[in-house]
Structures are given as structure tokens and as C-alpha cells.
2 protein chains.
Amino acid sequence: MSSSPKELWLENQLCFPLYAVSRLMTKQYTPLLEELDITYPQYLVLLVLWQKDDQLVSDISKRLLLESNTLTPLLKRLEQKQLVKRVRQESDERKVLISLTNAGKELQNKAVCIPERLVENIKSEDISAQEVEQMMTTIHKLISTLATTSERLS
Amino acid sequence: MSSSPKELWLENQLCFPLYAVSRLMTKQYTPLLEELDITYPQYLVLLVLWQKDDQLVSDISKRLLLESNTLTPLLKRLEQKQLVKRVRQESDERKVLISLTNAGKELQNKAVCIPERLVENIKSEDISAQEVEQMMTTIHKLISTLATTSERLS
DNA sequence: AACGATTAAATCGTGTACGATATAAATACA
DNA sequence: TGTATTTATATCGTACACGATTTAATCGTT
């Protein structure tokens, strides 16, 4: 069936399954987030702000592992939707503080049901809660390994 | 520290860790793939073709879970790089067969070392091979669950 | 005070992702 | 044999991602 060495098979590489599952998971969120009129990365930013309001672009950047070149336009779109304010700090004009508007705070009420609804959607007989738990533990370890190595490179 | 219910914490949602680890993993590939002058999704397409040459756009689509709206421009870029040919089938003019050029086939020789080099990079004392194995098993189950549910919806 | 180095965001260009729609070919079937 | 339906790919518009660079403000050192 295959001509290539098995190291190069799609399934045997770490990358593809992670890439595929990430995209599929995002697609699960999409219809739920449409009700809030936000995208998935916008939802992540709001999660960060709901947990702690008034954060710098650089704070959000560290949290989501996204650079300003991704965050700046995204935050401008959230500002257009009147969900956040972007205010340049007086004490240090380089920094921009991101704060939730009232609408942004209130959106949290519509969002609280999302995690629950999502878990409902992906429930499967084949996959135990304990198994998912374990996967998450490994992924968190992987993230800290990879995040520090890519930090070292930049 | 936090004002939001813990269901809405970034770390407790399935989505963010999967999203973050996928992007971090892709970044690990980037410098290796630069040597081949291809991007990560282009690499995935080539992996599919190296395993079995001469596949339809729809075959690659099923394999990578990417639609034609993503694949068509990507394949055109691979064609520009002279790595693949795109030939419309005579028997059925709707179908487009994707085949490796000689350069595309030869690129495999430069790619064989990538999986090994990558595993080297992400090796960590905290993470056992068995643990990664287990994570992959769970992720594969998740993918088949999610892929079938999203198929049902479309 | 002066000026090079650092830092925080923003800008730019390229390449995905993907929903929605379009196009054109093949098929079904009345 | 038309004609409605389905299928395979392509096109379009929007929104990320991200490397590279720019801009402007602050810091550090002399």
C-alpha cells in the first residue's frame, strides 16, 4: 500500500493528530460561539479577561501564546463589537490596557453554559473521563516543554 | 484572583490546551521545513502523497480533513514549486488528480530525518514515551468521534 | 543631557482555515 | 431526451497565525 518509510506515515507523526484534533475541536465551538457573535480566538481572549479584567496586550500574549501581530487586529475587532476597551497607559505610553466593557462582562452569562454543552457533544462510549484527564496532563507537560524551548529560541 | 466560575478558566477547557499544543508543535516543524522550502500544511499533503502517489483532491481532503477551499490554493502553490502536478481526469472532468513530480519524490529523501529530529527536540524528562503513546491513543479516539459528528452535521 | 539598547505594540506580507456560494460535469430519472 | 439533482472542485470574503520589520517610548550607561 505504501511506498514511504513508516516514520513518514501521517498517523505515526505527532503533528497531524494534534493538528487535526485542534481544528475539529474548534469546529465544535463554532456554532455555540456564533450565538455570541464571536470567533474562537476571540472567545479565548474573553476567557482570559473574564478570569481577570484589565490586562495588558503583553499579559494576554503570554497567556495565549499569541504575539501582538495576531492580538492587535483581533482586539481591534473585539473593540468594534464594543466588548473591550483599548487604552494606552499614561505611565508608560508603550503599553495598552485591555478592559471589558459592560457588554463584554455581560457576555459571560451567555458563555457559562458553553463548556458543559461542549462536553455533552464530544461524549463517547470509547473515551473515559479519566482517559481525557490523563491526556490533558500530558498535553500540559508538552506545552510547558515546547513553550520554554521556543522561548529560548527567540 | 479570578472572578469567573472555574468552568470558564482557560486551563479547564479542553479547547485551549489542544489549540496551544498544536500551534507549538507546528512551530517545532517550521525551521526543519524551511530547509525544504515548504510550509507545515504543505508537508502534510506531501506526506499523504509520499505514502501513496496519484490521489484525487477529494482523497487528500478525506485524509487531512481539509476542504477544497483550503486545498486548492495550497496545491496550486505546491504546483508552482514544481513539487506536484494537477491533472484533470479525462474520464470525469470534475476530478483533479494530484501527482508528485520527480522533485516532489526526491524531496522525500530530505524529509525522512524530520520525525527523528523532532522527537529529539521535544524529548523531556517529565514525559515518558509510554505517556505520549497513551495520549495519541486518546487523541485518535477523539478525532474519530469528532470527525464523524461533524460529518453528520454537514 | 545624550544616545545606544531594550521593550511594547503595531504594521506588513504570506499562507492557511473555513463558511458560503459558484461552476461545471456527471448522474438519475421522469 | 431533457431536466433536476448530485458531485468535485474552485472562488470569495473574513479572520486568524506568524516571521520580519517598524515605530515610539523607556531605560541604562556614561
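A quick note: this is a predicted structure, and the numbers were derived from the prediction, not measured. Throughout, protein chains are lettered first and strands after them, A, B, ... in sequence-line order, and every chain is numbered starting at 1.
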Which part of the nucleic acid, if any, lies within reach of [X] when heavy atoms closer than 4.0 Å are counted: base, sugar-phosphate only, or nothing?
{"X": "B:Ser22", "value": "nothing"}
{"X": "A:Glu67", "value": "nothing"}
{"X": "A:Leu71", "value": "nothing"}

Lys/Arg-Asp/Glu bridge criterion (N-O < 4.0 Å) met for [X], [Y]:
{"X": "B:Arg86", "Y": "B:Glu79", "value": "yes"}
{"X": "B:Lys123", "Y": "B:Glu120", "value": "yes"}
{"X": "A:Glu35", "Y": "A:Arg117", "value": "yes"}

Roughly, in whole Å, what's the span from [atom1] in [X] to [atom2] in [N]?
{"X": "B:Lys62", "N": "D:dT9", "atom1": "NZ", "atom2": "C1'", "result": "13 Å"}
{"X": "A:Leu66", "N": "D:dA15", "atom1": "CG", "atom2": "C1'", "result": "13 Å"}
{"X": "A:Tyr29", "N": "C:dA17", "atom1": "OH", "atom2": "C1'", "result": "18 Å"}
{"X": "B:Leu44", "N": "C:dA17", "atom1": "CG", "atom2": "C1'", "result": "13 Å"}
{"X": "A:Leu24", "N": "C:dA17", "atom1": "CG", "atom2": "P", "result": "13 Å"}
{"X": "A:Gln89", "N": "C:dT7", "atom1": "CD", "atom2": "P", "result": "18 Å"}
{"X": "A:Lys27", "N": "C:dA17", "atom1": "NZ", "atom2": "P", "result": "11 Å"}
{"X": "A:Asp92", "N": "C:dT6", "atom1": "CG", "atom2": "C1'", "result": "12 Å"}

Task: Donor-acceptor side-chain pairing of B:Ser99 and B:Asp53 below 3.5 angstrom - done: no
Can a side chain N or O of [X] be found less than 4.0 Å away from OP1 or OP2 on [N]?
{"X": "B:Ser58", "N": "D:dT9", "answer": "yes"}
{"X": "B:Thr39", "N": "C:dT14", "answer": "no"}
{"X": "B:Tyr40", "N": "D:dC18", "answer": "no"}
{"X": "B:Thr72", "N": "D:dA10", "answer": "yes"}
{"X": "A:Lys76", "N": "D:dC16", "answer": "no"}
{"X": "A:Arg86", "N": "C:dA10", "answer": "yes"}
{"X": "B:Arg77", "N": "C:dT16", "answer": "yes"}
{"X": "A:Gln42", "N": "D:dC16", "answer": "yes"}
{"X": "A:Arg88", "N": "C:dA10", "answer": "yes"}
{"X": "A:Tyr19", "N": "C:dT16", "answer": "no"}
{"X": "B:Thr70", "N": "C:dA17", "answer": "no"}

Task: Contact nearer the 5' end of DNA chain C, comparing A:Thr30 with B:Lys81 - done: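 Counting from the 5' end, the first nearest nucleotide belongs to B:Lys81.
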Closest approach to the side chain of [X], judged atom by atom: which nucleotide of [options] is it?
{"X": "A:Lys95", "options": "C:dA8, D:dT26, C:dT11", "result": "C:dA8"}
{"X": "A:Arg94", "options": "D:dA24, C:dA20, D:dA10", "result": "D:dA24"}
{"X": "A:Leu74", "options": "D:dC16, D:dC18, C:dA10", "result": "D:dC16"}
{"X": "A:Ser68", "options": "C:dT11, C:dA10, D:dT9", "result": "C:dA10"}

TODO: Return yes if some donor-acceptor pair links the side-chain N/O of B:Thr72 with the main-chain N/O of B:Asn69 below 3.5 Å, else return no.
DONE: no
- [ ] Ignoring hydrogens and angles, tell me if any N or O in the side chain of B:Lys81 forms a donor-acceptor pair with the backbone of B:Asp37 under 3.5 Å.
- [x]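 Yes, because the side chain of B:Lys81 sits within donor-acceptor range (under 3.5 Å) of the backbone of B:Asp37.
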TODO: Please name the residue in the list B:Thr138, B:Ile143, B:Thr145 that meets the side-chain contact (heavy atoms from CB on, under 4.5 Å) test with A:Val21.
DONE: B:Ile143
